[in-house]
Amino acid sequence: MRILGIDPGSVVCGYGVIEVDSARRLQLVEYGVVEAKRQFPELPRRLEVIFQRITQVIERTLPDEAAFEEAFYGKNVQSLLKLSHARGVAMVAATLRQVPITEYAALQVKQCVTGKGRASKEQVQFMVHKMLGISESNPFYDATDALAIAITHALRGGAGAARSTERRAAKSGGWADFVRDNPDRVVKR
């Protein structure tokens with residue numbers, strides 16, 4: 001399965017694409033950043049650049065699924081609004097190409113990649129580089145964060161794994177057997 005990770009931002013939007021096989025071995029496909037503010041100071045044009053570049057990445061790498069970092073509220077409402085716009089155009093780019101989207105909180109990503117929910121950007125970058133065999137020194141934390149989001153999706157099984165589990169359950173003996181055999185995957189309401 002090929003996974004596109006997105007660390008959205010209206011100034012710098014990070015992206016990373018990885019391949020994961022059935023044994024959950026990870027392989028780097030591509031990563032980088034869209035530096036939209038460098039090209040245009042006004043938000044609508046930056047959103048256009050983000051949409052176009054993410055669309056190009058999707059067309060070039062053909063991901064099966066996409067994983068996004070969830071938006072979180074800090075102290076600045078204006079920053080949150082701009083971030084939300086950037087997330088939206090990146091999500092539309094994926095949705096228009098029929099790429100299913102899953103979202104993860106930053107805490108989940110850090111926990112999955114480093115084992116610590118409060119890990120620093122440097123710790124996340126170090127672990128992503130180790131996991132994917134990246135030897136170059138990459139100053140773009142946004143790209144590293146995007147790869148971390150994709151890795152989280154891969155290691156948590158992703159939406160495709162959930163769908164294939166559902167298909168196996170339906171073929172094997174139905175939901176009763178699935179619930180009995182997978183109590184940790186059942187959410188009680």
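Here the structure is a predicted model, which means the values were calculated and not measured.
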Are the side chains of P63 and I3 in touch, meaning some heavy atoms are under 4.5 Å apart?
-> no
List, by chain and number, the other hydrophobic cluster members for Y15, where Ile, Leu, Val, Met, Phe, Trp and Tyr join if side-chain heavy atoms come within less than 4.5 Å, directly or indirectly.
-> L4, I6, V17, V29, V34, F40, L43, L47, V49, I50, F51, I54, V57, I58, F68, V89, M91, V92, L96, V99, I101
Would you say E70 has more than 12 foreign heavy atoms packed within less than 6.0 Å of its CD?
-> yes
Return yes if some donor-acceptor pair links the side-chain N/O of D7 with the main-chain N/O of D145 below 3.5 Å, else return no.
-> no
Shortest non-hydrogen separation from E136 to H129 and the atoms involved | O-CE1, 3.1 Å
Heavy-atom check, side chain of V124 versus side chain of K110, under 4.5 Å = yes
Would a hydrophobic clustering, with Ile, Leu, Val, Met, Phe, Trp and Tyr connected at side-chain separations under 4.5 Å, put V11 with L83?
-> no
Measuring from Q27:CD to L132:CG, what's the distance to the nearest 0.5 Å?
-> 9.5 Å
Decide whether M1 and V113 are clustered together by the hydrophobic rule: side chain heavy atoms of Ile, Leu, Val, Met, Phe, Trp, Tyr closer than 4.5 Å, transitively.
-> yes
Distance in Å, K37 NZ paired with E35 CD, rounded so as to fall on 0.5 Å steps = 12.5 Å
Note, Y104 side chain near H153 side chain (heavy atom, < 4.5 Å) | yes
So how far is it from R87 CZ to S84 OG, rounded to the nearest 0.5 Å?
-> 6.5 Å
Could you tell me whether the side chain of F126 reaches within less than 4.5 Å of the side chain of E122, counting heavy atoms only?
-> no
Rounded to the nearest 0.5 Å, how far apart are NE2 of H85 and NZ of K82?
-> 9.0 Å
Non-hydrogen atoms of A143 and G32 that approach each other most closely = CB-O, 3.5 Å
Closest approach of G16 and A146, non-hydrogen atoms and distance?
-> N-CB, 3.6 Å
Scan residues 51-63 for pairs that pass side-chain hydrogen bond (donor to acceptor under 3.5 Å, both in side chains), counting only residues two or more places apart or in two chains.
-> E30-R60, E48-Q52, E59-R97
Hey, what do you get for CD (E19) to CG (L26), rounding to the nearest 0.5 Å?
-> 10.0 Å
Got a sec, which hydrophobics cluster with L107, joining ILVMFWY side chains under 4.5 Å apart, including via others?
-> none
Do Q108 side-chain atoms and A105 backbone N/O form a donor-acceptor pair below 3.5 Å?
-> yes
Check whether any side-chain heavy atom of I134 lies under 4.5 Å from a side-chain heavy atom of L28, and answer yes or no.
-> yes
Please name the pair of heavy atoms, one in M127 and one in T114, separated by the smallest distance, quoted to 0.1 Å.
-> CG-CG2, 4.0 Å
Closest approach of A106 to E69 (non-hydrogen atoms, all atoms of both residues) = CB-OE2, 3.6 Å
Side-chain contact, heavy-atom cut-off 4.5 Å: I151 with M131?
-> yes
Please check if the side chain of R46 supplies one atom and the backbone of S10 the other of a donor-acceptor pair under 3.5 Å.
-> yes
